[in-house]
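Along the sequence shown, residues are numbered consecutively beginning with 1.
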Amino acid sequence: MDVKRAELKVTIAKLVELAYSTDNDLTVKLMAKSGSTKLTIDQNGKATLSGAAGNLTFSGSPALEQIGANIKRVSISFTRGSDNNVKYTATFSLEIISMSVSGEFDIEALILSCSGLLCRAASAMKGRNQALEHQYQQIMGN
């Protein structure tokens with residue numbers, strides 16, 4: 001198991017995209033308009049994005065599968081920064097260790113990078129589109 005911080009940051013981007021694909025209106029309200037938002041994921045992949053605008057439950061498993069480690073729990077706190085920026089602090093509890101990452105990203109750039117049917121089709125493919133992976137890395141600051 002060799003999990004890198006860059007992989008965890010890309011996973012955060014994928015989780016936000018999964019939330020957006022599940023309910024784009026609520027995700028935008030939570031991520032872009034409310035002050036702080038929390039995303040938690042349990043060992044079964046059940047993800048809950050919650051904040052002042054409401055709660056959204058979805059499966060986080062598709063984003064977590066590519067880490068290649070047994071995830072016990074994920075906890076990510078998001079706060080609004082300046083302009084379209086969202087700051088985050090995340091803790092990934094893996095098989096035997098916990099890893100934390102923090103940073104910020106442009107929420108509009110992330111949402112516009114991959115949405116709708118094209119994104120879902122790319123996510124479903126076994127070999128994810130490398131250009132999309134690279135774009136996630138750039139947005140997340142890698």
Side-chain angles (χ1 to χ4, degrees), residues 1-81 84-142:
M1 173 187 75
D2 184 26
V3 179
K4 296 178 176 84
R5 293 191 190 287
E7 290 176 285
L8 297 180
K9 288 182 176 187
V10 169
T11 299
I12 294 167
K14 292 175 185 178
L15 289 166
V16 172
E17 178 57 35
L18 283 171
Y20 185 79
S21 294
T22 302
D23 186 335
N24 58 359
D25 290 336
L26 183 54
T27 301
V28 169
K29 287 177 187 172
L30 287 165
M31 297 294 297
K33 297 183 179 168
S34 67
S36 62
T37 305
K38 183 136 180 124
L39 175 62
T40 57
I41 305 170
D42 67 16
Q43 69 273 9
N44 298 319
K46 180 183 174 190
T48 303
L49 183 66
S50 58
N55 296 317
L56 173 63
T57 302
F58 61 97
S59 175
S61 295
L64 299 176
E65 289 171 353
Q66 293 184 334
I67 293 177
N70 187 15
I71 302 291
K72 302 281 186 195
R73 182 169 168 76
V74 177
S75 177
I76 309 168
S77 296
F78 299 97
T79 56
R80 286 283 294 148
N84 289 326
N85 287 344
V86 173
K87 296 179 182 184
Y88 64 90
T89 302
T91 301
F92 289 77
S93 298
L94 307 171
E95 293 172 282
I96 55 175
I97 63 168
S98 288
M99 293 182 72
S100 294
V101 293
S102 61
E104 69 180 271
F105 60 92
D106 181 326
I107 188 67
E108 185 177 358
L110 178 61
I111 289 173
L112 293 177
S113 72
C114 182
S115 61
L117 291 174
L118 183 59
C119 182
R120 287 183 223 147
S123 297
M125 291 174 20
K126 200 99 169 133
R128 273 190 71 96
N129 182 325
Q130 290 301 319
L132 180 58
E133 291 288 320
H134 181 69
Q135 190 173 15
Y136 279 148
Q137 289 176 2
Q138 287 181 324
I139 292 168
M140 300 305 287
N142 295 316

Open item on the list: Working note: Val101 + Ile12, criterion side chain to side chain contact (heavy atoms under 4.5 Å, CB included); need CA distance, chi angles, decisive distance, verdict.
Closed with: CA-CA 10 Å; Val101 293; Ile12 294 167; 3.8 Å; yes

When Leu49, Ile107, Thr27 are each screened for side chain to side chain contact (heavy atoms under 4.5 Å, CB included) with Tyr20, the one that passes is Thr27

If I compare all heavy atoms of [X] with all of [Y], which pair ends up nearest, and what's the gap?
X: Gly60; Y: Ala47; answer: N-CB, 4.0 Å
X: Gly81; Y: Lys87; answer: CA-CE, 4.5 Å
X: Ala13; Y: Leu110; answer: CB-CD1, 3.7 Å
X: Ser50; Y: Leu30; answer: C-CD2, 3.9 Å
X: Ser59; Y: Leu18; answer: O-CD1, 3.7 Å
X: Ala63; Y: Thr11; answer: O-CG2, 3.7 Å

About how many Å separate [atom2] of [Y] and [atom1] of [X], when rounded to the nearest 0.5 Å?
X: Tyr88; Y: Glu104; atom1: OH; atom2: CD; value: 9.0 Å
X: Lys72; Y: Ile97; atom1: NZ; atom2: CD1; value: 12.5 Å
X: Arg80; Y: Met31; atom1: CZ; atom2: CE; value: 9.0 Å
X: Leu94; Y: Leu64; atom1: CG; atom2: CG; value: 10.0 Å

Review point. Taking it one step at a time, do Leu39 and Thr37 satisfy side chain to side chain contact (heavy atoms under 4.5 Å, CB included)?
Key: CA-CA 7 Å; Leu39 175 62; Thr37 305; over 6 Å; no

Q. With distance as the sole criterion, is a donor-acceptor pair present between the side chains of Ser100 and Thr91 under 3.5 Å?
A. yes

Tell me yes or no: between the side chains of Glu17 and Ser21, is some donor less than 3.5 Å from an acceptor?
yes

Notebook entry, point to check: Sub-3.5 Å donor-acceptor pair from the side chain of Asn44 to the main-chain atoms of Lys46, do we have one?
Noted result: no

Open item on the list: When you measure from the side chain of Arg5 to the backbone of Ser102, do you find a donor-acceptor pair of N or O atoms at a distance under 3.5 Å?
Closed with: no

_Min side-chain heavy-atom separation Leu15-Ile41 under 4.5 Å_ = yes

